[in-house]
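Working notes for the structure below.
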Amino acid sequence: MAKKDCTGKSSKAAGGWGALKSVGRQLMGSGKPLSGAKTMLKANQPDGFDCPGCAWGDPEHGSSFEFCENGVKAVAWEATKARVTPEFFASHTVTELRSWTDYDLEHQGRLTHPVRYNPATDKYEQVDWETAFAEIGAALNALDDPNRAEFYTSGRASNEAAFLYQMFVRLYGTNNFPDCSNMCHEASGVALTEAIGIGKGTVLLEDFEKADAIFVVGQNPGTNHPRMLADLRKATLRGARVVVFNTLKEKGLHRFADPQNKLEMIRGRSEATSTDYYRPRLGGDMAVFRGMAKTVFAADEVALAEGRPSVLDHAFITEHAHGFDAYRALVESTSWENIEEQSGLSRSQIEEAAEIYMSSDKVITTWAMGVTQHKHSVQTIREIASFMFLRGNIGRPGAGLCPVRGHSNVQGDRTVGINEKAPEPLLDAMERELGVPMPRDPGHNVLHAIGAMLNGQAKAFIGLGGNFARATPDSQLIAQALGNLDLTVNVATKLNHGHLLPGKASYILPCLGRTEIDRNSQGARQIVTVEDSMSMVHGSGGINLPASKELRSEVGIVAGIAKATVGSDVVDWDVLADDNDKIRDLIARVLPAFGNYNEAVRKPRGFHLYNSAAARDWQTPTGRANFSDADLPDQTEWQRANSDDQTFVLQTFRSHDQYNTTVYGMDDRYRGVYGERQVVFMHPEDVALLGAEAGNRVDVIGCHDDGFDRVAENFRLVPYDIPRGCVAGYYPELNVLVPYQAFGDKSFTPASKSVMVRFRLLEK
Ligand SMILES: Nc1nc2c(c(=O)[nH]1)N[C@H]1C(S)=C(S)[C@@H](COP(=O)(O)OP(=O)(O)OC[C@H]3O[C@@H](n4cnc5c(=O)[nH]c(N)nc54)[C@H](O)[C@@H]3O)O[C@H]1N2
Ligand SMILES: Nc1nc2c(c(=O)[nH]1)N[C@H]1C(S)=C(S)[C@@H](COP(=O)(O)OP(=O)(O)OC[C@H]3O[C@@H](n4cnc5c(=O)[nH]c(N)nc54)[C@H](O)[C@@H]3O)O[C@H]1N2
Ligand SMILES: [Mo]
């Protein structure tokens, strides 16, 4: 039943009063009001900080404050008054803290002092910065091979911190850069690089105002990119079609009441965020897009036979594309039977969606984790791109490809060199700039790093943000592996489980967050920069006082470790760490696309990084936009699971009250779940098939056939409108079930949206 909001009206839309109420709660913190309201007014403003909530673009003039419930949560989470002090660590052993939930750990508040693990007391104890740096440097230098160290990055790190980090790590001698992107949009990067010569989306926010149709695939913006809803809503209001493909009926993709619209709030009105909604099976999107391509080809034949103009954009195909004939043959040879079976949609549904595509002059396709976290994600994105090429929907206003990124600077981190297989031109430029050779062997991504930890090859882990232990697949195995390392170092704002698996020597180094004022030794305020999903680079300067006087900027911490490890002969770390402008000058020398970086980034909206594909400049080996040459998979995971009625395919996704491994609260308002996270969403008939009833509890059992037992205990069954054979539940609780050997072809991304599971019914 839909829960009533505070107007007494049942809330069928996302946003609205429920969102405002939730914001009120967030700004109050845990009983301690935050300087939240003032802080929020500076989010995504020209003179404020970049909202750490997501990587959606900012509007052209950046003048009006954009309300977003989950942005408020992200900001309030950082601006909390609660603190994790050395006294906190003195009163809890690490073993005790390990038994706490993710929620309880992060709700202790901001880390205040650098701390070092003492194995004798099993506690973290305060250490001074210089000692920590010196010991970390010595431990790294004691390794017999730099490739034994893994340097993880989470996507909140600024361009400046990430650039310094990659420079340090490469001077140290390795390309081991596992990063959160490996678990996120890696498939988009790989597929788009193959297809269009750049691993990024091609649209600007303005294009959403011009598109005739927007296809939104495998993405839940109501929770994860709430500001995108405003753009979708504007599109439907002006008559554009918004076509959704999502396994679930996500509330935000139906209707949205804009809490910033006073009239709408008073009248209890909401507007549609989509016009058409399709519910494919998990992993079925490649088949959907192939089916739509098949429809386009069929319609083209009919049009030509009837003497009407071609449905295809032949000018684009001839002038810009490669592999068209082979692609057409591949599509035409794919049977509707296979397409219907894999997608779970009927031929007529797919034809209907394709009709919308053909009747729209300008089309954008967006996607996120529902597409990227499967075995055949790269092929799926190649298929999406190919479908878009058919009518030249790329590199012109109102049309293009838009992978919607997750972390607020995950795209920028890649641009500035966080990449285990960095492009040669970047390494060449680094060599020219520094005058020393860069390591050229490919390094470790997340899965390789896990492998190296498990087989004992890796000895050290340094994490620039994030929660490696909980975000990765097989979290139980990873926990053991981290504990066996010689050195673990985490640069963080808040305590998480990843910090509680100390290696022989272990440090937590607390850093400033986005919202906080960063001053250099002269007292001058520093800004950092980030790149959003639309390749816009903007400045970000905090406005709150730091959570503790002891905090250092990420830039300062990276420079401190670097100086202690590789010395200052090649790079004067102190000079760079004291002036972010100097880091930006250096970035612009290595990556000329940044141009006059320091000047450009101080303009209200920042600047757009050159995007070759958006300019129809195809930097691929063929010099053209490449059509896909991949067949549909022999079997999707859903098909494998469907071979018996006890096996299911599980997607692990986010609730409305979490930011990745950070759990803000126990509710998932839009999906009607309150006060708990150990739930599995399942079709009512599948619940019955298991001999169960709504509310029964089950153990979820992984069925990856490698002899390792994977069990997530005691989950509640929630009957839900979801395709048969597909189930869903929350990450990170279910990460114990995600096998690290089950990953995307070419992307190495854990297939966390298609995990094979069974259920054991617990006593009723
Ligand atoms: N508030 C908040 N904001 C966030 C985050 C957060 O945790 N909280 N995380 C950030 C990060 S790092 C990221 S990457 C993004 C993630 O943003 P999303 O990709 O929206 O994240 P998920 O919660 O994983 O949702 C996946 C969606 O895809 C659908 N889906 C799953 N499998 C399939 C499939 O096979 N086909 C189709 N068509 N649909 C499918 C699911 O039903 C769900 O709606 O959000 C970013 N923003
Ligand atoms: N099963 C399953 N697993 C998944 C996913 C899934 O959908 N299903 N999604 C994957 C995706 S898309 C992603 S991006 C990864 C996320 O993986 P990560 O990026 O590793 O995880 P987060 O939860 O975002 O990291 C949270 C921690 O970051 C630290 N932090 C926050 N802000 C800052 C800051 O400003 N600076 C620093 N230094 N630290 C900070 C805090 O200590 C906090 O505890 O998880 C992946 N794992
Ligand atoms: Mo992500």
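Atoms within each ligand, like the ligands themselves, are counted from 1 in listed order.
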Set of residues satisfying ring pair (Phe, Tyr, Trp, His ring centres under 6.0 Å) with respect to Phe743, sequence neighbours excluded: Phe748
For Thr223, atoms of ligand 1 separated by under 4.0 Å from a heavy atom: 1 (N), 2 (C), 3 (N)
Ligand-residue contact atoms, ligand 1 with Pro280, heavy atoms, under 4.0 Å: 38 (N)
Heteroatom distance test (Asp285, ligand 1): nitrogen or oxygen, under 3.5 angstrom: yes
Contacts of Asp518 that satisfy salt bridge (charged side-chain N to carboxylate O under 4.0 Å, His left out) - sequence neighbours left out: none
Sub-6.0 Å ring centroid separation between His407 and Tyr659: yes
His656, portion touching ligand 1 at heavy-atom distance under 4.0 Å: neither
Residue among Tyr165, Phe177, Phe468 satisfying ring pair (Phe, Tyr, Trp, His ring centres under 6.0 Å) with Tyr152: Phe468
Atom indices of ligand 1, in the order listed, that fall short of 4.0 Å to a heavy atom of Gly283: 34 (C), 35 (O)
Ionic contact status for Arg414 with Glu186, cut-off 4.0 Å: yes
Distance-only N or O hit between ligand 1 and Leu282, under 3.5 Å: no
Atom pair SG (Cys703) and CZ (Phe648), whose distance is rounded to the nearest 0.5 Å: 10.5 Å
Distance under 6.0 Å and angle within 45° of ring axis: Arg552 vs Phe133: no
Cationic N near anionic O, under 4.0 Å, Arg290 to Glu383: yes
Residue pairs involving residues 728-741 (criterion salt bridge (charged side-chain N to carboxylate O under 4.0 Å, His left out); sequence neighbours excluded): Arg677-Glu733
Derivation and outcome, side-chain hydrogen bond (donor to acceptor under 3.5 Å, both in side chains), residues His374 and Glu637: CA-CA 9 Å; His374 292 288; Glu637 272 58 38; 5.7 Å; no
Under 4.0 Å to a heavy atom of Thr247 - the qualifying atoms of ligand 1, by number: 33 (C), 34 (C), 36 (N), 37 (C), 39 (N), 40 (C)
Part of His225 with heavy atoms under 4.0 Å of ligand 1, whether side chain, backbone, both or neither: side chain
Residue contacts for ligand 2, heavy atom to ligand atom, distance under 4.0 Å: Trp77, Glu106, Tyr152, Ser154, Arg156, Cys180, Met183, Cys184, Met369, Gln373, His407, Gly465, Gly466, Asn467, Ala471, Val491, Ala492, Thr493, Lys494, Asn496, Cys511, Glu554, Thr652, Arg654, Tyr659, Asn660, Thr661, Tyr731, Asn735, Val738, Ser752, Lys753
